[in-house]
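To start, the structure itself, in C-alpha cells.
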Amino acid sequence: MVNRPEIRLGVALGLALLSAHARPLHAQPSVSATAARTAARVYREQHEGAILTEFAALLSLPNVASDSVNIRRNADHLIGMLKARSFTSTRLLIVPGGPPAVYGELMQPGATKTLVLYAHYDGQPVDASQWTTPPFSPVLRTKEVHLGGAVIPIPVGNGRVDGEARIYGRGAGDDKGSIQAILSALDAMRASQLASSVNIKVFFEGEEEAGSGHLEQILTTYADQLRGDAWLFCDGPVHQSGRQQLSFGQRGSAGFELTLFGPTRALHSGHYGNWAPNPAMMIATLLDSMRDDDGRIRIAGYYDDVKPVTAAEHRAVAQLPKYDSTLRTALGLSRTEAGNALLAERIMLPALNVRGIRVGGVRETGSNTIATEAYASIDLRLVPGQTPARVRRLVEAHIRAQGFWITHDSVTVAMRLAHLKVARVEWGSGYPASRAPMDGPFGKAVIAALTEGVSQPLVLNPTVGASGPTYMFEQILKVPMISLPIANYDDNQHAADENLRVQNLWDGIELYAALLTSIGRTWRGPLP
Ligand SMILES: [Zn+2]
C-alpha cells in the first residue's frame, strides 16, 4: 500500500512542509499550555494529510527487533525525520550485538531544564496471515476493521481526516505513534513560533519489544549524551475511559522455583501415611508461613527497606476512576484481599504470588501415594526501596528458619540423609521497582502542564502493576521517569491489526505541544 502514488506524492509534500518550518526559532516568552494546545490544533487541522502521510511512511518500514537490516532502515529514517526538525547531534547509539537507539537534541537558548523523551520504534513480531491487510502496508480505515471500517486514501496536503478513523500497521499504537506525535507537535510549535520551555532530547529504542537486552549497556555507554533532568516514557495506551493517564512507576520483580523432598520413591499412603514426611504438606506449610490471607508477607525484615507510600500517592489513588467492585463482579469474586482494599493501593505494596504448585496427582491421576517431591513457583513483586539481592537473602533466611537446608543445585540422596529437611531454591533474574515522586518538582510540573485547559481530569497512577525497564533510567541516570501514553486502549498492541485511532494522534500532538511549551514555567528546583 505504501507504494500507492498518493502516498509517494504525500511523502514529498509532507517533507516539503516540514523543511519549510525547519528554521531556528528565537526564544519566545513562554505561552500558556492552553494557547499551545490551540495552536497545535489549528496547525494539525491544516496538515492532517501530511502528518498521516509521514506517519504511514514510518509504519511501512518493517520493525521487528531481530530483523537487523530493516531495523537499521527505521533508525536511518528516524534520523532523517529528526534532521528535518533541526535536531542537532543526531546519531545512532550503538553497542555490540544490539539494534541502534536513535538520538537527537533540540537545545533551547535560555532553557534551564532538559527533558528526555523516550519512545521505541521496534514492534512485536507479526504473523501476517492474522492481519486483515499486511502489517507493513499501512492503511487508513473509516473506523475499526471489525466494525466494518473501509479503507480510505490518506488525503494529500491539507485534506481532513475524521478522528474516529484508524490507521493500521505494526507499531501504529505501540510505539511509533508517540514518535509521530512528538515530532508533529514540534512542527506545530515551530509554525506558530512557540518556543520549547525546556531543552529536548529524544531517545528512540530499537528493541523494547524484544526485552531491552542492550538498554542498560546503551544507557551506561552514552550516559553523558543522555544526561537530562528527567525522562518521559512515551509508550502505552491511555486509560480505558479514554482519559489521559500518567504513571509514575513500575513494580520490580524477582522469582524462584522451590522444590521440597519426601521419600526417594512414592510410598503407599495406607502403609506409610503418618510416618513418611509428605512433601505436599511440607510445601503447603512452608508457603503458608510466607504470606497471610491478606497478602502481608510474613518473612522477617521484609518491609524494613520498603519506602512508605506517600500522602500524595494515597490522594492520587483515592481519585482514580472507581472500578474495583465492577471488576470483582466480572471476576466472580465476592471479596478481595485485605477487606476489599483498592487494587491501586495493593499494587503499591510488595507482593508474594504463588504461580503454581505441583505435587502428586489429583482426580483422574489421583492415587493413594506419598509423593517424592513437591514444586512451587513463586513470583515476588518489588516496590521502591527493595532490591532483588536483599529479597533473595530474606526469603532464604526464612526458609532456613523453618528448618530447611538450602541448595541451589541438584540434590543427592547423601544430602537428603544429612539434613532433616532439604529445599532447592532456584532464582530467576530480577530487577528493582521505580517510582517517581508525584509531588516532586518534575511530577508537579508535568501535571500542571497537562492539566491546564483540559476539561477531563488526568488519571494519575502512582505505579502500574506490571514490571518494566523504567528502573534502569532511575538507577543508571539518576533521574525520575514518568510514563505518558497516548494510544487508544483498544489499539491491538502486540496483536494482529494493530492500529492507532486518529483522534489519539491528534490529541497526542496537542498534548506534547502543551507540555513542551509550558512545563519549564513551573519546573523548578534541583530535586526530582
Ligand atoms: Zn511499547
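One-based numbering, in listed order, for ligands and for the atoms of each. Position 1 is the first residue of the sequence; numbering continues from there.
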When the ring planes of W231 and F473 are compared, do they come out parallel, tilted or perpendicular, using 30° and 60° as the limits?
-> tilted

For atom CD of E216, is the number of surrounding heavy atoms from other residues, nucleotides or ligands below 6.0 Å larger than 12?
-> no

F204/Y118 aromatic ring centres below 6.0 Å = no

Mind listing the protein N/O/S atoms less than 2.8 Å away from the Zn ion (ligand 1)? Waters don't count.
-> H120 NE2, D174 OD1, D235 OD1, D235 OD2

Thinking salt bridges, do R141 and D497 make one under a 4.0 Å N-O criterion?
-> no

Just do the side chain to side chain donor-acceptor pair (under 3.5 Å) check on S212 and E208 with the steps written out, would you?
-> CA-CA 5 Å; S212 297; E208 197 272 349; 5.3 Å; no

E345 and H314: side chain to side chain donor-acceptor pair (under 3.5 Å), yes or no, with the steps?
-> CA-CA 7 Å; E345 285 283 347; H314 283 307; 2.9 Å; yes

